[in-house]
Amino acid sequence: MKELSKAYSPGENETTIYEKWEESGYFNPDNLNLPEDAKPYTIVLPPPNITDKLHLGHSSMLAIEDLLIRYHRMNGYRALWLPGTDHAAIATQNVVEKKLLKEEKKTRHDLGREKFLEKVWEFLDETQATILKQTRRMGASLDWSREAFTFDEQRQKAVATMFTDMYKEGVIYQGERIVNWCPRCHSTLADDEVEHQDQKTMFYTFRYWKDFPISISTTRPETKIGDTAVAVNPKDERYKKFIGQEFEGEFCGVPLKIKVIGDREVDMDFGTGALGVTPAHSMVDWKMAENNDLEIKKVIDEDGKIHDGFGEFSGLTAKEAGKLVVKKLKASDLLEKEEEIDNALSTCYRCDTAIEPLPSKQWFVSVDKKLERLGGKSLKEKAIEVAKNKEVSFIPNRFKKQYIDWMENLHDWCISRQIWFGHRIPVWYKNDEIYVGTEAPKNKYTKAILLHAWDSDPEAAFFPWLKQQLENAGLKVIVPKLPNAKNPDYEEWLSAFRKLDADENTLIIGRSLGSTLALAAAQEGIKIGKLVAVCTPLDNKSIPDFFTAIGEWKFDKIKQNIQEITIFHSSNDPYIPKSTSEKLSQELNAPLVEIKNADHFTGIQYQEILEACGIWAQDPDVLDTWFSSGMWTFSTLGWPDNFKDGKKIGDLAEFHPTQVLETGYEILTLWVSRMIMMSLFAVGEIPFEDVYLHGMVLDENGKKMSKSKGNGIDPIDVIEEFGTDAVRLSLLIGNTPGNNLRVGEEKIAGMRNLVNKLWNISRYIETTYQISEVEKSDLDTLPDDENLTLADRWILTKFNELTLKVTQDIQGYRFSEAGEKLKEFTWNDLADWYLEISKTENNSEEKTAILQFVLGNLLKLWHPFIPFVTEKLWQELFTSDFLMISSWPKIDSDKQTGETLKNFSLLQNVITAIRNIRTQYKIAPKQKIEVVIYAHDKLSFLEKQTELISNLKTGIDKITMQESGDKISRAHYEIIDEMEIYVPLQDIIDIPTELKRLEEEIKSTENFIADISKKLDNKSFVENAPEAVVNKEKEKLTTQENKLKNLKKYFENIS
RNA sequence: GGACAAUUAGCUCAGUUGGUUAGAGCGCUCGCUCGACAUGCGAGAGGUCACAGGUUCAAAUCCUGUAUUGUCCACCA
């Protein structure tokens, strides 16, 4: 006999059980020893962002998906649940930036791209490890051997391939658009990353200048210096006549040329009914400018400051400029009205900074381009079509409409992001040329030498960035430290240079004296492929010996030995006069490029130097994170390697498309729609059959759990307190698709109690029947029907019914209902009734068989919900083979159920009624009572059950059954079904109270009878309702009438 | 402004296609150490299913409108 502890302690078991599962290898479907034709069942885990550890919402997702996977694994499917994490480009970069600022008071620009990315990876390793640990703690049966990361090598390849393919088909294109620009994050935001905050704003009405015929209104006066048109509604009588006219004048010191255009979008009733058009800084205006061929004037730059060329406004922040405009308007008496209005401010979803709409070059995915591979349809059309044709279904169904609505309004998707962390755009530029591909294009040069200035550190200035770029482009890069840099000697430097073995395939970028050295070397006869000379001195008074040693410049010789030269000049360089650079340019017949702010090279100026090198330079931007997560279903299954000549092979063939995508409804549009489009494009398949959308997990007060509010429940905390099974169960029961779920510790504690109940049920069965020592049946066949008591047949019937319902519920995604039914069976039917009865019935051989069957199969049904405790009990009491891979209980569809269920429920009612009488009349628990039951057709059945009735907490010492006859005059009574139950204890009865109570019951029974009679008198009811319904009503009527008769008789007797 | 959802017991929610006198858990009341379980056992109280109309023999369930709450989308210069 196995000794089980009095209470279940989850902590001890969970880690060891999870380890056993993992070691078994059964999380990987390849190890399941399935027949060839076993169907696949695939779920890819929505990859959690690596920005933070998991919260209860993730736990809920894991619980649901693990349930589905475990259920299907037990049903013989090739069940694959594929784990991974998401690099979440912007979100991650932001978290790291904030952390950096807080801990080191540095911005990412202080660190530079490389160093910053190192920080990101450090952070990422940490959170990723936490996430994986938490996921295991939840008991998730994920196939860790296939773990993926949206930013690992395989996925990088997939992303680059996808981009290239889409570019080749013209789906991806580069275009200038107004984008939502966050001046703080220095990045564009997708439409769905912009938040709108209601606020009060000053609304100014004014004219550009005195004789301008139309007043306009604005909340953003600072942009008005870039206006090129005024738009009015073409139907507007007031302004109609001006349409087409052009006006010139000066607005706040800025010359403007304003054309009046007509546009139906303009609301005649808002403001003055006329709208100043600023094409560069408003989405709507941009469209108008496109339609009317207007000039586009950029007013605000990427830092949120006013561009050059706007007089005294230039260099001011937008806010300052706005104030100045208003001040000037007031001074020149142009302001007509100033009022406060409600207005929605667009802000960055990450940092709450007001966004600035700016025109910018970006990469887009076209959703409207018709594609041959989609049968002449566009991504958008196809993605809508599959939803309409039910090729993909949504649970709950209402989200289908939301999906289609959103899709129909979808515009081209901007996929480039101006941040550092993320998939680099696989595009390379060389001057005007562009190359798109999965690998960097081959370059003319094989080696690059970066020569530092005479007194500077080779690692300083712009070298590290360039080095990285050149290495990315496949060059061997050398950054030598030239000897004695503080006091350079020409011979020493030259001999150091010779050792670098420069030749025709070498690219040299030299800064200051470094570039002078390269020129001198060429003069000495060394061949060089290309020289980019940045701020090059031809003489310097502080190191006269150096230049004396070089001697007279022989530019012809230099030209002979260097194939190509570009000269860079910095206007801020205090040492090299522009004339020097110009002279060099002329003598060498080389192009001269001038750069501003040489001491603060920005990415763009690096870009210029890189371009001058004549090598391919990669686009500095990265891709929107949804681009890579949109490929999640197939990139994780080995695309593109597993997709050859339009055919799927390997994992992709075996597991794609997946069966279910289970995710939060909040990312239906962000993610689900993109997955559908990208999968259609890449593989020509809808990535999943069903989309199950869960709600958010809220705290017990209905608030969204968030770290800042401090109301979040850490899954690990509650797991440690109550156990994983309890946490999983509280996330499954009461959780319905698409609806939010409130979870508090009370609920989890309740579920812990249930888990413990199951444990104790098992413990009782084991201590009483020693099922661990009994030879095991296969749990597929029921015990023989002979010698079974009513209760035995009842529990088997109930269990069969339960198996059927639970199976149906899981298949219909009704996990909550399945869980509740299991709970009800376990607690009420099995523990409260059957086990209690088993204590009084003596057929222990049958009981052993039945309990073994019921408990074993019950553990199976419970397993997808609470895997740990069930696995533990299974291994203790049944077999050391894993419950995880045991087969799902069989359903006996021929089982006769009616009579058994009816009889048992009768029995339950009798027992409950007797207990009720005891409580109602406050009969002391220890006092034995006599019971008399009057019955009619049920009499013979009840007579057989007297022993049972007496033994089940009814405290009966004498029980008699008889046909209806004269009733005991004074007794406690209860009337149920067609029976009357009397407990003759007249001494205690308080007659007046009893009469009052009886009166009430008689009255309510009469009312009820009246209701039923009315219904039955209604001809249309009798004619139209189904016969079964009518019969039920009739039955009800007789029962109630009998009851009334007996009540009245009893009433007379005692009064 | 548009769309979608929610409104059922004190609280949190179920209630599949209209068909018993509307269910569960928690909480509450009363009573219990009864051969596993006080993380337990037994009994109970508690609801005009937001409101107003309509369809139907029959409505928590279907339709219309109103109110309140929530979510998403759009956005006006």
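Note that this is a predicted model, so its numbers are computed, not measured. Order of the sequence lines fixes the chain letters, A, B, ..., with proteins taken first and strands second; residue numbering starts at 1 for each chain.
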**Q** How far, in whole Å, is A59(B) from G19(B) if one measures between their C1' atoms?
**A** 10 Å
**Q** Distance check needed: C13(B) C1' versus F815(A) CZ, whole Å only.
**A** 18 Å
**Q** Atom CG of L693(A) to atom P of C72(B): distance rounded to whole Å?
**A** 14 Å
**Q** Between S762(A) and L758(A), is there a donor-acceptor pair closer than 3.5 Å when you use the side chain of the first and the backbone of the second?
**A** yes
**Q** Can you check the distance between A58(B) and C75(B), where both ends of the measurement are the C1' atom (answer in whole Å)?
**A** 47 Å
**Q** If you measure from the C1' atom in A60(B) to the same atom in A6(B), how many Å do you get, rounded?
**A** 14 Å
**Q** With a 6.0 Å cut-off on ring centres, are Y8(A) and F868(A) close enough?
**A** no
**Q** When you measure only distances, ignoring hydrogens and angles, does the side chain of Q1040(A) come within 3.5 Å of the base of U20(B) through a donor and an acceptor?
**A** no
**Q** Got a salt bridge between K872(A) and E12(A), using NZ or NE/NH1/NH2 to carboxylate O under 4.0 Å?
**A** no
**Q** If you measure only the distance, is there a donor-acceptor pair under 3.5 Å linking the side chains of D690(A) and S393(A)?
**A** yes
**Q** Between E1035(A) and K1032(A), is the closest basic N to carboxylate O distance under 4.0 Å?
**A** no
**Q** Could you tell me how far C13(B) sits from U8(B) if I compare only their P atoms? Round to whole Å.
**A** 9 Å
**Q** For the C1' atoms, the ones on G40(B) and on U61(B), what distance do you get once it is rounded to whole angstrom?
**A** 38 Å
**Q** Summarise protein proximity over nucleotides 57-62 of chain B in one line of letters, 5' to 3': B for base, S for sugar-phosphate only, - for none, counting protein heavy atoms closer than 4.0 Å.
**A** B-----
**Q** Under a 3.5 Å distance rule, please check whether T272(A) uses its side chain to pair with a backbone N or O of S215(A) as donor and acceptor.
**A** yes
**Q** Show me the pairs that pass ring pair (Phe, Tyr, Trp, His ring centres under 6.0 Å) and involve residues 1001-1043 of chain A, at least two apart or across chains.
**A** none
**Q** Using a heavy-atom cut-off of under 4.0 Å over every strand shown, decide if Q920(A) touches base, sugar-phosphate, or nothing.
**A** nothing
**Q** Is T912(A) touching bases, backbone alone, or none of the nucleic acid, heavy atoms closer than 4.0 Å?
**A** sugar-phosphate
**Q** Apply the test salt bridge (charged side-chain N to carboxylate O under 4.0 Å, His left out) to residues R997(A) and E1000(A): give CA-CA distance (whole Å), side-chain angles for both, the deciding distance (0.1 Å), then the verdict.
**A** CA-CA 5 Å; R997(A) 208 176 62 93; E1000(A) 271 169 32; over 6 Å; no
**Q** What pairs of nitrogen or oxygen atoms, one from the protein and one from nucleotides 24-32 of chain B, lie under 3.5 Å apart?
**A**
unit_1	atom_1	unit_2	atom_2	d
C26(B)	O2'	E746(A)	OE1	3.1

**Q** Give a yes or no answer on whether the side chain of W759(A) reaches the backbone of S5(A) with a donor-acceptor pair at less than 3.5 Å.
**A** yes
**Q** For a quick test of reading the model, state the closest non-hydrogen atom pair linking A7(A) to N756(A) and the distance between them.
**A** CA-OD1, 3.5 Å
**Q** Picking from G44(B), A3(B), C13(B), which would you name as closest to the side chain of R742(A)?
**A** C13(B)
**Q** Does OP1 or OP2 of U21(B) have a side-chain N or O of K1036(A) closer than 4.0 Å?
**A** yes
**Q** Roughly how many Å is it from CD in E408(A) to C1' in A74(B), rounded to a whole number?
**A** 16 Å
**Q** For the pair made of CG in D285(A) and C1' in C76(B), what is the distance, rounded to whole Å?
**A** 11 Å
**Q** Does the K747(A) side chain pair with the main chain of S730(A), one donor and one acceptor, at a distance under 3.5 Å?
**A** yes
**Q** What is the distance, rounded to the nearest whole Å, between atom CZ of R814(A) and atom P of G23(B)?
**A** 20 Å
**Q** Kindly assign one of parallel, tilted or perpendicular to the pair Y769(A) and Y764(A), based on the angle between their ring planes and the thresholds 30° and 60°.
**A** perpendicular
**Q** Which residue lies toward the 5' end of RNA chain B, A749(A) or K821(A), if each is placed at its nearest nucleotide?
**A** K821(A)
**Q** Which pair of heavy atoms, one from K224(A) and one from G276(A), lies closest together, and at what distance?
**A** NZ-O, 3.0 Å
**Q** Taking atom P of A43(B) as reference, at what distance in whole Å does atom CD of Q908(A) sit?
**A** 10 Å
**Q** Mind listing the N/O atom pairs, protein and nucleotides 4-9 of chain B, below 3.5 Å?
**A**
none

**Q** Atom CD1 of I667(A) and atom P of C73(B): how far apart are they, to the nearest Å?
**A** 13 Å
**Q** Reading 5' to 3' and counting Watson-Crick or G-U wobble pairs with both distances under 3.5 Å, write the dot-bracket notation for RNA chain B, | for bases paired outside the strand.
**A** (((((((..((((.....[...)))).(((((.......))))).....(((((..]....))))))))))))....
**Q** Quote, to the nearest angstrom, the P distance that separates C26(B) from U21(B).
**A** 28 Å
**Q** So which protein nitrogen or oxygen atoms get under 3.5 Å of nucleotides 35-37 of chain B's nitrogens or oxygens?
**A**
unit_1	atom_1	unit_2	atom_2	d
G35(B)	O6	K839(A)	O	2.6
A36(B)	O3'	R763(A)	NH2	3.0
A36(B)	O2'	N760(A)	OD1	2.4
A36(B)	O2'	R763(A)	NE	3.0
A36(B)	O2'	R763(A)	NH2	2.8
A36(B)	N7	K839(A)	NZ	3.3
A36(B)	N6	E836(A)	OE2	2.9
A36(B)	N3	N760(A)	O	3.1
C37(B)	O4'	N760(A)	OD1	3.0
C37(B)	O4'	N760(A)	ND2	3.3
C37(B)	O2'	N756(A)	ND2	3.4
C37(B)	O2	K757(A)	NZ	2.7
C37(B)	N3	K757(A)	NZ	3.0

**Q** C41(B) and U33(B): how far apart are their C1' atoms, nearest whole angstrom?
**A** 10 Å
**Q** So Y813(A) and Y692(A), would you call those rings parallel, tilted or perpendicular, with 30° and 60° as cut-offs?
**A** tilted
**Q** P atom, C73(B) versus G10(B): distance in rounded Å?
**A** 36 Å
**Q** Does the distance from a Lys or Arg side-chain N to an Asp or Glu carboxylate O, for D1011(A) and K1015(A), drop under 4.0 Å?
**A** no
**Q** If I take atom CH2 in residue W759(A) and atom C1' in nucleotide G40(B), what distance separates them, rounded to the nearest angstrom?
**A** 17 Å
**Q** Do E1001(A) and K1043(A) meet the salt-bridge criterion of a basic N to acidic O distance under 4.0 Å?
**A** yes
**Q** Using heavy atoms to find the nearest nucleotide of RNA chain B for G734(A) and T669(A) separately, return the residue whose nucleotide is more 5′.
**A** G734(A)
**Q** Please pick, from A14(B), U21(B), G44(B), the nucleotide with the shortest atom-to-atom distance to any side-chain atom of T736(A).
**A** A14(B)
**Q** Does E1006(A) come within less than 4.0 Å of K1003(A), counting only side-chain N to carboxylate O?
**A** no
**Q** Using only atom types and a distance under 3.5 Å, with no angle test, would you say the side chain of K757(A) pairs donor to acceptor with the backbone of K823(A)?
**A** no
**Q** Select base, sugar-phosphate, or nothing to describe what R752(A) touches, counting heavy atoms under 4.0 Å on all strands.
**A** base
